Amino acid sequence: MGILDKEFAEGNVVVAKAEDLLNWARLSSIWQLSFGLACCAIEMMATSASHYDFDRFGVMPRPSPRQADAIIISGTVTLKMATRIKRLYEQMPDPKYIISMGSCSNCGGPYWEHGYHVLKGVDRVIPVDVYVPGCPPRPEALLEGLLKLQEKIRNESMRKKNANA
Amino acid sequence: MRTPEEIYEMLKNQFSDSILEFESELPVEKFINVSPSQIHSVSKYLKDHLDLQFDCLMCLSGTDDNNDEKTTDEDGNETVVPGTLSVYYNLHSIKYNHKVNLRVKVQKDKPEVESVENIWKTANWHEREAFDMIGIKFLNHPDLRRILMPEDWEEGSHPLRKDYENPEFYQGMKVPY
């Protein structure tokens with residue numbers, strides 16, 4: 001359901017619900033926090049580069065959490081880093097979204113048993129919207145994760161976040 | 001250029017008692033066992049001697065030798081005799097292109113080794129890592145703090161010890177899977 005497929009009463013006029021307009025604006029410019037952790041970050045950077053072109057979905061890296069809409073947890077979350085990630089997340093303004101990228105941040109990945117230093121899933125400290133599986137996920141998988149996130153935002157309600165998701 | 005055997009002989013002549021046996025039978029690189037209290041003077045000699053000039057500490061690693069002895073008496077009580085920890089030093093001379101490996105073995109209940117930080121500055125962080133992971137205390141180290149684990153990690157808890165057990169929680173975060 002795009003915003004531009006509504007009927008036009010006359011030229012240059014779009015009819016839409018305020019809610020749809022807001023959601024459309026939000027999902028079309030998800031600015032991600034410029035933040036990477038491990039090998040997944042390399043794939044994330046490849047996704048941002050010209051070949052996969054994250055920018056065509058309106059995603060671009062922002063160097064400050066205060067200007068970011070989303071954070072992609074791209075890599076192994078160590079216990080030491082987990083406290084920092086939590087603080088970064090708390091510094092982001094609402095509405096904010098989290099993509100957990102790769103096995104490590106989903107559930108600990110290869111460190112699940114002997115990783116004395118690894119948090120077994122970033123969802124133990126912050127709420128995750130989309131999980132992208134893979135080790136590391138290819139850029140296509142991350143793009144699909146982003147599309148899923150966009151779908152989620154598209155169905156949000158002003159009264160309640162995640163109304164139909 | 002000198003072979004490890006020749007270097008061992010030189011050290012033996014210079015230090016006699018504090019140079020223990022020369023291990024050459026193992027399927028790894030040969031190494032010389034040094035007593036923990038003498039490692040600093042031995043290192044100084046190796047670096048400063050004009051025919052040796054070991055100017056590069058390639059690596060310094062701590063290990064748990066995994067030799068705790070567990071005995072169970074007839075009542076089923078288990079007693080553990082603590083084993084040893086080791087520090088390995090891999091030295092290289094850039095001038096002569098020769099190498100030698102040293103090893104210091106200490107008891108687990110008193111893991112104290114002299115620091116070589118003021119001979120090779122590289123040792124500073126390597127010794128901090130050996131302290132953090134294995135729990136070897138380097139005497140006279142200028143800044144012996146944890147380097148990898150969080151600063152507020154439980155005191156005396158060193159993750160690469162064979163008998164290490166992970167805590168249930170760290171700062172309210174569940175640690176096990």
Side-chain angles (χ1 to χ4, degrees), chain A residues 33 35-41 65 71-92 96 98-129 131-136, chain B residues 59-68 70 80 82-83 85-87 108 111 124-138 141 143-177:
Chain A
L33 183 59
F35 171 79
L37 285 179
C39 26
C40 281
I71 179 169
I72 300 177
I73 309 296
S74 52
T76 314
V77 181
T78 58
L79 294 168
K80 207 172 176 179
M81 198 58 174
T83 52
R84 276 80 164 167
I85 287 180
K86 189 155 185 245
R87 175 170 294 186
L88 282 172
Y89 175 74
E90 283 163 356
Q91 285 174 340
M92 286 163 59
K96 50 192 171 184
I98 296 166
I99 297 177
S100 167
M101 179 183 182
S103 297
C104 289
S105 74
N106 290 345
C107 63
Y111 308 100
W112 72 276
E113 191 175 9
H114 299 296
Y116 54 86
H117 61 304
V118 175
L119 185 70
K120 314 297 186 301
V122 75
D123 52 7
R124 290 185 181 184
V125 289
I126 50 175
V128 173
D129 290 286
Y131 297 86
V132 180
C135 188
Chain B
C59 193
L60 183 157
S61 1
T63 58
D64 185 331
D65 295 327
N66 198 19
N67 52 3
D68 289 2
K70 275 186 196 160
V80 181
L85 305 172
S86 291
V87 186
K108 222 176 222 180
N124 190 319
W125 282 19
H126 281 139
E127 287 178 351
R128 279 178 66 187
E129 189 194 357
F131 164 70
D132 191 359
M133 293 287 123
I134 305 284
I136 294 160
K137 287 182 184 62
F138 291 92
H141 190 288
D143 181 31
L144 197 64
R145 287 176 294 135
R146 287 187 183 276
I147 189 170
L148 298 170
M149 300 304 287
E151 277 176 31
D152 59 348
W153 196 254
E154 192 189 335
E155 192 102 353
S157 164
H158 304 286
L160 293 192
R161 287 266 185 109
K162 294 293 180 188
D163 54 359
Y164 173 77
E165 272 174 34
N166 230 9
E168 195 70 19
F169 287 94
Y170 168 71
Q171 288 204 2
M173 296 177 285
K174 190 168 166 250
V175 179
Y177 182 68

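Every value quoted in this text rests on a predicted model; they were computed, and no experiment measured them. FYI, side chains are in, hydrogens and waters are out, and symmetry mates aren't considered; it's all heavy atoms of this structure. Reminder, nothing fancy here: chain letters follow the sequence lines and each chain counts from 1.
- The parts of Leu79(A) that come within reach of chain B are both its backbone and its side chain, each placing non-hydrogen atoms under 4.5 angstrom from that chain.
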Chain B against chain A: donor-acceptor pairs under 3.5 Å:
| residue | atom | partner | partner atom | Å |
| --- | --- | --- | --- | --- |
| Lys80(A) | NZ | Leu148(B) | O | 3.0 |
| Lys120(A) | NZ | Val175(B) | O | 2.8 |
| Arg124(A) | NH1 | Lys174(B) | O | 2.9 |
| Arg124(A) | NH1 | Pro176(B) | O | 2.9 |
| Arg124(A) | NH2 | Pro176(B) | O | 3.3 |

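- Neither the backbone nor the side chain of Pro167(B) comes within contact range of chain A; no heavy atoms are under 4.5 Å apart.
- Judged as a ring pair (Phe, Tyr, Trp, His ring centres under 6.0 Å), and not counting sequence neighbours, Phe35(A) has no contacts.
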